[in-house]
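Below is one structure, written out as structure tokens, with a few remarks after it.
We count ligands from 1, going down the list as the structure has it; atoms in each ligand are counted the same way.
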Amino acid sequence: MRILVTGGAGFIGTNFVYYLLRRHPEDQVAVLDALTYAGNLENLKVLEGHARFKFFKGDVNDRELVHGLVGQVDAVVHFAAESHVDRSIQNAADFVKTNVLGTQVLLDACRASGNVRFHHVSTDEVFGSLGAHGAFDENSPYDPRSPYSASKAGADHLVRAAWHTHGLPITISNCSNNYGPYQFPEKVLPLFITNLLENKKVPLYGDGLNVRDWLYVEDHCRGIDAVLREGIYGETYLFGGRCERTNLELTEIVLFEMGFGRDMIQPVMDRPGHDRRYAIDCTKTEQALGWHPETPLMEGLRKTIAWYKTNQEWWQRIKSGAYRDYYEKQYGGREIKSQ
Ligand code: NAD
Ligand code: DAU
């Protein structure tokens, strides 16, 4: 299969490109990525000159470029997005532009090229926030609450509309929190791991009792690949790790694994509109595709910590560059609660 991977220089996209090339020796993979602050060509450096890989720097909103690339492939797997909730709170404009408008540009190109297969990578955050009980499934109503999740919900609706209105062969997957190699150190796990490697405290939001469901990135990649090849057009598939932890529990595990105590926790003001809990019931996906989350949390965390220990230059370059300004803005003026 010839596959266009948008956002392939980001966290999950990078992992997906490596997964495809390893798992499917017949596949040809092209990446389209704008290389925003979150995209990093260094991630794909070892693929330079690879016979089955090509990289194109460009924006998913660049109609001409997108139409040209989509016309040469059998399928598009769409990761490209502004992905960080905190940034969407500071400035939502890029989220609307890339996540909503950019997705429509890709859908238009798929139609114009004779109904190219389109898989949209989305998030569990479109379903909103859960209380203490229950879990999201494919029939959960949409209730996005951050500018990020609202923009992803908008994209999901456009993708579904392309199926219902035009018969475009689409699938959508909504996944819970990923972790693993190449994750940008603004997200909680790589931020905490790299802070500890620098002997810095870790900023825990609010009471630390918000719950996320953790899935190792390679398990997500395997799932997306299964949907791409075996998914039914028009259908939605949910991925989760069956691995709920409060942020405090997760932080304590990381502290312990890295040889630190609770004194390294820096409680900070909560994220505005912070969703309390996400949980996924992925029974349908498991039954339809035979997919299951395979990597136990401790195994995935140890691999992840080891990766950040081994790849210090990768994240140190990021943290000492433009990201530092964002970090200052994010935490510089934030009230620190007494410990
Ligand atoms: P990321 O921020 O690490 O990577 C996003 C990539 O998209 C970057 O390489 C960036 O350069 C590129 N990009 C951004 N705007 C672009 C544009 N206009 N044109 C072309 N490329 C552009 O994100 P991620 O964590 O890898 O997430 C990938 C996708 O998976 C996103 O759609 C996200 O919503 C979804 N998702 C992420 C998670 C998670 O836990 N990280 C969970 C569920 C779903
Ligand atoms: O659920 C899937 C989503 O997971 C994806 O769609 C998003 O792209 C991805 O960024 C992620 O969103 P979250 O907001 O859950 O991830 P983040 O790593 O930003 O935060 C995870 C939890 O940790 C959340 O409850 C907020 C908390 N947190 C986060 C940061 C950055 C902290 O306590 N301190 C922090 O410094």
Checklist entry - How far apart are the C-alpha atoms of Ile224 and Phe79, what are their side-chain angles, what is the distance that settles it, and do they pass the side chain to side chain contact (heavy atoms under 4.5 Å, CB included) test? => result CA-CA 11 Å; Ile224 292 170; Phe79 292 93; 3.6 Å; yes

For ligand 2, the portion of [X] having any non-hydrogen atom under 4.0 Å away:
X      : answer
Val85  : side chain
Val188 : both
Asp124 : side chain
Asp275 : neither

For Arg117 and Thr171, test the side chains for any donor-to-acceptor distance below 3.5 angstrom and give the result as yes or no.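 Checked: Arg117/Thr171 side chains pair up, N/O donor to acceptor below 3.5 Å.
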
Task: Test item: side-chain donor near acceptor, Asn115 and Tyr233, under 3.5 Å - done: no

The closest protein heavy-atom partner of atom 43 (C) of ligand 1 is Cys175 O, 3.3 Å

The protein heavy atom nearest to atom 8 (C) of ligand 1 is Asp33 OD2, 3.6 Å

Is the shortest distance from a Lys or Arg side-chain nitrogen in [X] or [Y] to a carboxylate oxygen in the other one below 4.0 Å?
X      : Y      : answer
Glu218 : Lys303 : no
Lys97  : Glu82  : no
Asp207 : Arg276 : yes
Asp108 : Arg111 : no
Arg52  : Asp27  : no

Please confirm whether [X] comes within less than 3.5 Å of ligand 1 when only nitrogen or oxygen atoms on both sides are compared.
X      : value
Gly13  : no
Tyr148 : yes
Asp59  : yes
Ala80  : no
Asn40  : no
Lys152 : yes
Gly10  : yes
Ile12  : yes
Ser83  : yes
Thr36  : yes

- Look only at interatomic distance and state if Trp214 has a nitrogen or oxygen under 3.5 Å from any nitrogen or oxygen of ligand 2.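 So ligand 2 has no N or O lying under 3.5 Å from an N or O of Trp214.
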
Report yes if Tyr278 has an N/O atom closer than 3.5 Å to an N/O atom of ligand 2; otherwise report no.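 So ligand 2 has no N or O lying under 3.5 Å from an N or O of Tyr278.
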
Open item on the list: Counting only heavy atoms from other residues, nucleotides and ligands, does the tally under 6.0 Å from NZ of Lys284 exceed 12?
Closed with: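 Counting other residues, nucleotides and ligands, NZ of Lys284 exceeds 12 neighbours.
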
Task: Heavy-atom check, side chain of Leu196 versus side chain of Ile305, under 4.5 Å - done: no

Aromatic ring pairing His274/Tyr205, orientation class (parallel under 30°, perpendicular over 60°, tilted between): perpendicular

Practice prompt. Please work out which of the three classes, parallel, tilted or perpendicular, describes the rings of Phe127 and Tyr142, given edges at 30° and 60°.
Written response: perpendicular

In this structure, does ligand 1 have an atom that sits under 4.0 Å from one of the heavy atoms of [X]?
X     : value
Phe79 : yes
Gly8  : no
Asn61 : no

Which atoms from ligand 1 have a heavy atom of [X] less than 4.0 Å away?
X      : value
Ser122 : 43 (C), 44 (C)
Val121 : 30 (O), 32 (O)
Gly58  : 19 (N), 20 (C)
Asn177 : 40 (O)

* Select one of side chain, backbone, both or neither to describe which atoms of Thr6 lie under 4.0 Å from any atom of ligand 1, heavy atoms only. =>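 No part of Thr6 is near ligand 1 at this cut-off.
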
Which of Trp314, Tyr216, Tyr308 passes side chain to side chain contact (heavy atoms under 4.5 Å, CB included) with Pro181? Answer is Tyr216

Knowing that exactly one of Thr123, Val121, Thr103 qualifies, which makes a side chain to side chain contact (heavy atoms under 4.5 Å, CB included) with Lys152?
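The residue from Thr123, Val121, Thr103 that satisfies side chain to side chain contact (heavy atoms under 4.5 Å, CB included) with Lys152 turns out to be Thr123.
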
By ring pair (Phe, Tyr, Trp, His ring centres under 6.0 Å), Phe118 pairs with (sequence neighbours left out) His78

* Asked: Considering only heavy atoms of Leu204, which atoms of ligand 2 have at least one such atom less than 4.0 Å away?
  ->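 So the atoms of ligand 2 that pass are 33 (O).
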
- Close-contact set for ligand 2 against Tyr148 heavy atoms, below 4.0 Å: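 Near Tyr148, meaning under 4.0 Å from one of its heavy atoms, ligand 2 has 5 (C), 6 (O), 7 (C), 8 (O).
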
| request: Give me the one residue out of Asp124, Asp137, Thr285, Asp156 that meets side chain to side chain donor-acceptor pair (under 3.5 Å) with Asn174. | output: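 Checked Asp124, Asp137, Thr285, Asp156 against Asn174; only one passes side chain to side chain donor-acceptor pair (under 3.5 Å): Asp156.
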
Using non-hydrogen atoms of the residue, decide whether Cys175 is closer than 4.0 angstrom to ligand 2. yes

- Is the closest heavy atom of Glu186 to ligand 2 under 4.0 Å?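 It does; at least one heavy atom falls under 4.0 Å.
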
Of the listed options ([options]), which comes nearest to [atom] when hydrogens are ignored and any heavy atom counts?
atom                    : options                       : answer
atom 14 (O) of ligand 2 : Arg212, Arg271, Gln266        : Arg271
atom 26 (C) of ligand 2 : His274, Arg277, Arg276, His84 : His274
atom 10 (O) of ligand 2 : Lys187, Gln183, Arg87, Arg245 : Lys187
atom 14 (C) of ligand 1 : Ala9, Ala34, Ala81            : Ala81

Distance col, row Thr14:OG1 vs Gln183:CD, nearest 0.5 angstrom, shows 11.5 Å

Practice problem: Flag the pair Phe184 / His84 as yes when their ring centroid distance falls below 6.0 Å, and as no otherwise. | Solution: no

